[in-house]
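One structure below.
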Amino acid sequence: MMTLSNDEPTISPDDAATAAAVAAASTAAAAVAAIPPLKDDEHGLHHSFVTQHQHHIPQQHTMQHHPQHHAIPHGHPQDHDHLNSQINHQLQQHALAHPQLNHAPHHLDMLAQANEEDFLDSTNRKVAPRASDLFKIGPQFSETRHHQDIYCKSNDMDVNPILHARIDRGFEVGENGTWIGYKRNYFTLVASFTLENFSFDRFIQNKFYTYEKSSKNGESVGENKVEISYFAIRLVAKCSDDDVSISLIQHTAKRDKGPQFPPPIYPAVPGELPDHETVKASCNKRNNSKIEHMNKIFYYDRSDYYQHVNLDTLKDDSVLKNYPSDSIAKVARFERIQFTSSIRLKSTSVNSRYFTLHVELLGIIENEDSQIQPILLSSIETPPLIIRGRSPSNYHKDRTSGYRGHLHPQ
DNA sequence: TCCGACACATACAG
DNA sequence: TCTGTATGTGTCGG
């Protein structure tokens, strides 16, 4: 359990924003600070909940205790060969579908071409840590895949959720059309969901339900109808041929000097994905008015809504009242995410090891003991991703951000 | 060989 | 323009 005192001297206001996003679980929300893994959670992950968001970042802020997370190692039932072949297939499909990606120019290429005089210089130039062109749009996610149906409580209508996500930093295409990221570097991802034929107003005036698969002694014995208290978005990573306990980690802006957490689960209402430039502009803001502006894009303020319609919280009988905090994500933003250092990157097989990132829409339900539990409703995933490790050999090839130039070595 | 820790450097934010 | 920050990555040593 990580504890930070209020007078932690090295923490900036921006950290408070990050910390709030990463870690905050107020005592009031502590009851929902950690949720159990999905029943079919292959990775057995525990995530924290983002239950609060600070719209006004105080100078003297508080970083609350972070709920405990335990990676639960487990032997798991993944069909490796099948998954591998599936991923290889996806990789081929992706390369076929995006031939233009095979020769994406790189800023270092352009530098090299721009000026012969500077060429030798540029061959040894590192990627600048704060270069704004580190923000690049990553691979397209798959179509939304449904795991459990959602129904509208008022008329039992089948509701179609659509997940949206984009990687905004940390991945770029290699020479074969594969997507490459670096274990040591951050990536940024945003995600949201919408419900087809549901305007926002219609959404917040309704309730929804789904079915929970029930089982006895491991045998599936049907489904129970369960009301969805609220929706949530989470990010998980999966590996092509291995089982990795917790494979993603989130840092604060302080990186080594700050705490690290698994990416939070965001309780969320439907929202549109902001464009790439907006996400890029939202990072590392310290100016309060800019932060507030960004908060309006990424968060929904329930108390504003209640005030606006002059509705007593207690009288609200919609899905909205079940959310654990007034500040609810419209867009889940995952910043400063890295694959955990514990993942192994080299595969013993001929194929290299791939990862995929999955954005999941969860329905949070309350069982008879008032325990909350997530149900996986739908998900989207990236094409296979190659994560390069720390080996210096990864920093010399393939003209990615690790490219050091080797055409004219001195 | 891998990893945590520390270090250096450099564009951004204000 | 100047200062503090955030972050890619170099490096040391276990």
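A, B, ... follow the sequence lines: proteins, then strands. Residue 1 opens every chain. Please read these numbers as outputs of a predicted model, since none were measured by experiment.
- Atom CG of A:Asp133 is separated from atom C1' of C:dA6 by 16 Å (rounded to the nearest Å).
- As judged by a 4.0 angstrom heavy-atom cut-off over every strand, A:Ser391 is placed among residues making no nucleic acid contact.
- Taking side-chain N and O atoms only, A:Lys285 has a distance below 4.0 Å to OP1 or OP2 of B:dA13.
- Aromatic pair A:Phe208/A:Tyr151: centroids not less than 6.0 angstrom apart.
- For A:Arg388 and B:dT1, the CZ to P distance is 17 Å, given to the nearest whole Å.
- OP1 and OP2 of C:dT7 both lie 4.0 Å or more from every side-chain N or O belonging to A:Asn185.
- Contact annotation: A:Arg169 reaches the phosphate of C:dG8 (side-chain N/O to OP1 or OP2, under 4.0 Å).
- For the pair A:Ile180 CD1 and C:dG8 C1', the interatomic distance rounds to 17 Å; values are reported in whole Å.
- An OP1 or OP2 oxygen of B:dC12 is reached within less than 4.0 angstrom by a side-chain nitrogen or oxygen of A:Ser132.
- Taking atom NZ of residue A:Lys290 and atom P of nucleotide C:dT5, one finds them 17 Å apart after rounding to whole Å.
- Between A:Tyr182 and A:Tyr395, a ring centre-to-centre spacing shorter than 6.0 Å is recorded.
- Residue A:Asn287 is in sugar-phosphate contact alone, with no base atom involved, counting any heavy-atom pair closer than 4.0 Å across all strands shown.
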Give me, pair by pair, the N or O atoms of the protein and of nucleotides 11-14 of chain C that are less than 3.5 Å apart, along with how far apart they are.
residue : atom : partner  : partner atom : Å
C:dT11  : O4   : A:Arg390 : NH2          : 2.9

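- Following rounding to the nearest Å, A:Lys126 (NZ) and B:dT10 (P) show an atom-to-atom distance of 7 Å.
- The CD1-C1' distance, from A:Ile249 to B:dC3, rounds to 15 Å in whole Å.
- In this structure, A:Phe203 has its ring center no closer than 6.0 Å to that of A:Phe198.
- Relative ring orientation between A:Tyr209 and A:Tyr211 is described as perpendicular, the plane-to-plane angle rising above 60° on a 0-90° scale split at 30° and 60°.
- The shortest distance between the side-chain N/O atoms of A:Lys257 and the OP1/OP2 oxygens of C:dT5 is not below 4.0 Å.
- Distance NZ (A:Lys254) to P (B:dC6): 16 Å, rounded to an integer number of Å.
- There is a side-chain donor-acceptor pair under 3.5 Å between A:Asp275 and A:Thr278.
- Side-chain atoms of A:Arg255 and base atoms of C:dT9 include a donor and an acceptor less than 3.5 Å apart.
- Contact between the side-chain N/O atoms of A:Asn284 and the OP1/OP2 oxygens of C:dT7 is found at a separation under 4.0 Å.
- For the pair A:Gly170 and A:Phe187, the tightest heavy-atom approach, listed with the atom from each and the gap, is CA-CB, 3.8 Å.
- At whole-Å resolution of the value, CG in A:Asp256 and C1' in C:dA6 are 12 Å apart.
- Heavy-atom distances to DNA chain B give each of A:Ala131 and A:Ser341 a nearest nucleotide, and the one nearer the 5′ end belongs to A:Ser341.
- The two residues A:Ile228 and A:Val319 come nearest to each other via the heavy atoms O-CG2, 4.2 Å.
- Residue A:Lys280 is classed as having no contact, given no heavy-atom separation below 4.0 Å to the nucleic acid.
- At a cut-off of 3.5 angstrom, the base of C:dT5 holds no donor-acceptor pair with the side chain of A:Arg286.
- The backbone N or O of A:Ser303 lies less than 3.5 Å from a partner atom in the side chain of A:Asp301, making a donor-acceptor pair.
- Using a 4.0 Å cut-off, some side-chain N or O of A:Arg336 falls inside it from OP1 or OP2 of C:dT7.
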